[in-house]
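Structure record follows, encoded as structure tokens.
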Amino acid sequence: PNCEALFMKTKFRDVCDSCYQEEEKLFERVYQFIRKRDNRTASMMQVIEETGVEEELIIKFIRTGRLKLAQFPNLGYKCDRCGSTIREGALCRICIHELQSELQVYSREEQLKKEQKERDHRATYHINGQ
């Protein structure tokens, strides 16, 4: 996806060998920066500005578990739904709660439709030959 070279995607790698080597160098740059005591509280924007590494790649390091956010309290990434800053998963707590509520409403509506259909079916009389 980065250099358009042909490669075999695996469970552990989603780029070719040369791009993987480049990502490793960039990871080391990011890790060396945030590892310093003075930089442990750096925000995502500060890390991007100081290292020159793209936000998308830093987020990839976080999501794959290579950067542990417990050690870096001000790092995070955007919720896939609303864009607020989160530290794990794909959605913030508010979006998770909203989606769960919407699913419960949908589930109740489907159950009511099913019950209504069963009542209608029981109340319908069929006469043979007509």
Side-chain angles (χ1 to χ4, degrees):
N2 297 342
C3 69
E4 299 182 14
L6 187 60
F7 73 100
M8 174 95 99
K9 185 175 181 176
T10 67
K11 182 178 180 181
F12 304 105
R13 280 197 197 163
D14 60 351
V15 293
C16 69
D17 286 335
S18 62
C19 289
Y20 178 75
Q21 296 301 322
E22 182 63 29
E23 281 187 7
E24 287 300 302
K25 289 177 189 174
L26 295 173
F27 172 78
E28 281 302 316
R29 187 184 306 166
V30 169
Y31 189 70
Q32 292 302 321
F33 174 76
I34 60 177
R35 215 176 106 188
K36 293 179 185 172
R37 183 175 299 279
D38 295 341
N39 299 333
R40 288 188 183 172
T41 58
S43 68
M44 180 67 80
M45 289 310 299
Q46 289 171 319
V47 174
I48 293 167
E49 289 171 5
E50 293 295 323
T51 63
V53 177
E54 294 178 6
E55 181 177 17
E56 184 177 306
L57 190 54
I58 296 171
I59 292 170
K60 179 180 177 181
F61 297 149
I62 294 169
R63 286 190 173 177
T64 57
R66 297 195 63 201
L67 290 178
K68 306 291 184 204
L69 293 184
Q71 301 167 357
F72 311 109
N74 294 330
L75 282 183
Y77 51 93
K78 294 178 181 174
C79 169
D80 287 350
R81 187 169 181 235
C82 71
S84 65
T85 302
I86 57 174
R87 297 177 53 81
E88 64 183 4
L91 301 172
C92 67
R93 288 186 183 125
I94 294 170
C95 289
I96 289 171
H97 179 70
E98 287 176 0
L99 287 173
Q100 286 174 336
S101 296
E102 290 172 12
L103 284 171
Q104 287 174 349
V105 168
Y106 176 77
S107 181
R108 275 183 261 147
E109 288 174 355
E110 289 298 308
Q111 183 64 30
L112 289 172
K113 286 179 186 177
K114 182 179 176 184
E115 290 171 2
Q116 181 64 40
K117 188 175 180 179
E118 287 175 7
R119 280 193 301 270
D120 290 348
H121 183 69
R122 278 184 269 152
T124 303
Y125 297 100
H126 299 281
I127 300 174
N128 289 336
Q130 290 189 358

Count the heavy atoms belonging to other residues, nucleotides or ligands that lie under 6.0 Å from [atom1] of [X], then report whether that count exceeds 12.
{"X": "Glu54", "atom1": "CD", "value": "no"}
{"X": "Arg93", "atom1": "CZ", "value": "no"}
{"X": "Glu88", "atom1": "CD", "value": "no"}
{"X": "Lys60", "atom1": "NZ", "value": "yes"}
{"X": "Glu110", "atom1": "CD", "value": "yes"}

To the closest 0.5 Å, what do you measure between [atom1] ([X]) and [atom2] ([Y])?
{"X": "Leu57", "Y": "Glu22", "atom1": "CG", "atom2": "CD", "value": "9.0 Å"}
{"X": "Tyr77", "Y": "Thr85", "atom1": "OH", "atom2": "OG1", "value": "11.0 Å"}
{"X": "Ile34", "Y": "Thr41", "atom1": "CD1", "atom2": "OG1", "value": "11.0 Å"}
{"X": "Tyr31", "Y": "Thr51", "atom1": "OH", "atom2": "OG1", "value": "15.0 Å"}
{"X": "Leu26", "Y": "Cys19", "atom1": "CG", "atom2": "SG", "value": "10.5 Å"}
{"X": "Met45", "Y": "Asn74", "atom1": "CE", "atom2": "CG", "value": "14.0 Å"}

Query - Under 3.5 Å side-chain donor-acceptor pair for Glu115 and Gln111 - result: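 Yes.
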Determine the minimum heavy-atom distance between [X] and [Y], stating which atoms define it.
{"X": "Leu91", "Y": "Cys95", "value": "CB-CB, 4.3 Å"}
{"X": "Arg35", "Y": "Phe72", "value": "N-CE2, 4.4 Å"}
{"X": "Ile58", "Y": "Ile48", "value": "CD1-CG1, 3.8 Å"}
{"X": "Cys79", "Y": "Cys92", "value": "SG-N, 3.3 Å"}

Heavy-atom side-chain proximity of [X] to [Y] below 4.5 angstrom:
{"X": "Arg66", "Y": "Val30", "value": "no"}
{"X": "Glu23", "Y": "Phe27", "value": "no"}
{"X": "Ile59", "Y": "Met44", "value": "yes"}

Query raised in the report: Where the side chain of Arg87 meets the backbone of Leu69, is there a donor-acceptor pair that is under 3.5 Å apart?
Result: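 Yes, the answer is positive, given that a donor and an acceptor are paired below the 3.5 Å cut-off.
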Query raised in the report: Can you tell me if Ser101 uses its side chain to pair, donor with acceptor, with the backbone of His97 under 3.5 Å?
Result: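 Yes, because the side chain of Ser101 sits within donor-acceptor range (under 3.5 Å) of the backbone of His97.
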Query raised in the report: Going only through I, L, V, M, F, W and Y residues with side-chain contacts under 4.5 Å, is there a path from Val15 to Leu67?
Result: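 Per the 4.5 Å side-chain linkage, Val15 and Leu67 are not co-clustered.
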**Report entry** Ionic contact status for Arg63 with Asp14, cut-off 4.0 Å
**Finding:**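 A salt bridge is absent here (no side-chain N lies under 4.0 Å from a carboxylate O).
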Query raised in the report: Are Leu99 and Arg81 close enough, and set up right, to give a side chain to side chain contact (heavy atoms under 4.5 Å, CB included), and what steps lead you there?
Result: CA-CA 10 Å; Leu99 287 173; Arg81 187 169 181 235; 4.1 Å; yes
